[in-house]
Each structure stands twice: as structure tokens, then as C-alpha cells.
There are 2 protein chains.
Amino acid sequence: MALGDSTRLAIVKVLAERPRAVGELAAELPVSRPAVSQHLKVLKDAGLVTERTAGTRRIYRLNPAGVAALRDQLETFWNRALANYADAVDDAEEIP
Amino acid sequence: MALGDSTRLAIVKVLAERPRAVGELAAELPVSRPAVSQHLKVLKDAGLVTERTAGTRRIYRLNPAGVAALRDQLETFWNRALANYADAVDDAEEIP
DNA sequence: ACGAACGGTAAGCTTTGACTTACCGACGAG
DNA sequence: CTCGTCGGTAAGTCAAAGCTTACCGTTCGT
């Protein structure tokens, strides 16, 4: 999972507020700028962020499509898990 | 995140079908039984699974409360992220 | 009571991957 | 044209954590 790393999760949370340049992100996080760059590459490959060039700066923002896709994926998983649990309750409640 | 590891995610997916004993889980995964035990400890501490003793066997199942809690937590995050994106669209669409 | 099955724990190894420093190319300002 | 800013990439280091083997306690069947 692309959000498995805590730094990456922090980046996503910051970008959830508003788009940022790489240097801005690094300034708000306890890691160096290259580290942020590497994390952004992972997040971009995962489709969770998009990049926009503005002069010498690269503005990164969340990709709503990627975020929604991940959300839906998890949503179906939750539903299936909770549905199967409802069936399993029968076994547990045989003798109250 | 407790689901950051792929093996742990696989365990959760298997448990989403139906509860299993530790040995059963290990039989369906490409790792040893002790490895499964260690992952189950993490998942239990995270509140995602519960344990029930049945003779010499330990039956593990998903904890719907923990699953729902994580779901809600992510849900609020998605909503906030997508809401902020709607605001940011204004900047991008200034000059079509 | 004894043996087998089940599973948790400890110890150690190994590997993954996150981080830093160093370097280089791209772009804009002067 | 040149300098400063911004940021991606490479190389190397290091610590976190996942996996295995070995061991032990617990429980059930015979």
C-alpha cells in the first residue's frame, strides 16, 4: 500500500489541505527535500497525486480520481467483510 | 498503519471470508505459522481482529468494530481531501 | 498418563526501504 | 550569458521489521 509509510501519509495529509511545491512540503516535514521527492514519485506512480510545472517549481496536488478509486476499493472490502461477519454471528450465538 | 504490510493485508482478506485458526491461515499463505502468529498479534493490538479459544486451537476473526472505526476514519479523510480539491479547482480553471 | 496437535515466544538473520549527501539539469531573473 | 533557485536522480548507509528455526506450554484423545 502506498500509504503504508508514515511520511507518505503525512505528505498526503498536507496535500489534502492545498497543493504545494516540493520545497514547501519538505519545509513542513522532518525529512530532507530528496526524501520528499522520492515519496512523491511513489505517490505519483500510485495515481494518488498529480504534478504541474510552474516555472522551476513543481506543484503537487492530490489526484481526486486516485483518492476516490482507493476509497471505493476499500469501501467494497469493508462491506464484504461486515456482511460475512453477519453470517458468522449465527455460529457464535447458538447458545446464548 | 496496521495494513501497511502485504502479508497482513492478505491475512485480513482471508479472514474477511470467514474466521480461521492460525494453522489454517498459515496453510493459505506463503509464510510460516510463527510469522502468521506475529502478524495476528499486531492486528489484535490494532483492534482489527479478535481471538476465540476452541480447544487447542485459536480461532481468529475480523473485529467489525475495529474495521468500522478504520473505515470511518478514512472516510472523513477522503471527504476533507475531496472538499479541498473542489476549492482548488478555481485556481486551475482561471484561464481555460 | 502419555503422546500428538496447536500455537505463542525468543533469538537471530536478512532484507527491504527510508534517509542523507552529492551531483546535475532546467528554468527564470538580472 | 550568468547566477541563483528548484527539484529529480544516484549512491551509500542504516535501522526497522518480517521471516525462520528452535523451544516450550497447553489441551485433547487414547
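A note on names: the letters A, B, ... follow the listed sequences, proteins ahead of strands, and every chain is numbered from 1. Since the structure is predicted, the reported quantities are computational estimates derived from the model, not experimental observations.
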### Summary
From CZ of B:R33 across to C1' of C:dT9 the rounded distance in Å is 10 Å
### Summary
Nearest heavy-atom approach of B:A2 to B:L43 is O-CD2, 4.3 Å
### Message
Any N or O donor-acceptor pair under 3.5 Å from the base of D:dG7 to the side chain of A:R58?
### Response
no
### Task
Go through C:dC6, C:dG7, D:dA22 for me and flag the one nearest to the B:T56 side chain.
C:dC6
### Query
Would you find a donor on one side and an acceptor on the other, under 3.5 Å apart, between the side chain of B:Q38 and the backbone of B:A35?
no
#### Entry: N or O in side chain of A:S37 less than 4.0 angstrom from D:dT9 OP1/OP2
no
### Given B:T50, B:L15, B:I11, the one that forms side chain to side chain contact (heavy atoms under 4.5 Å, CB included) with B:L62
B:L15
### Message
Quick check for you: among D:dG8, C:dT20, D:dT20, whose closest atom lies nearest to any side-chain atom of A:Y60?
### Response
D:dG8
### Summary
In short, B:V22 meets B:R33 closest at the heavy-atom pair CG1-CG, 3.8 Å
### Task
Establish whether the base of C:dG7 is bridged to the side chain of B:R57 by a donor-acceptor pair shorter than 3.5 Å.
no
### Query
OP1 or OP2 of D:dC19 less than 4.0 angstrom from a side-chain nitrogen or oxygen of B:H39, does that happen here?
yes
### Task
Tell me what B:T7 touches on the nucleic acid: a base, only sugar-phosphate, or nothing, going by heavy atoms under 4.0 Å.
sugar-phosphate
### Task
Figure out the CG/P separation between A:D5 and D:dG18, and round it to whole Å.
13 Å
### Query
Between C:dC19, D:dG7, D:dT21, which nucleotide gets closest to the side-chain atoms of A:A21?
D:dG7
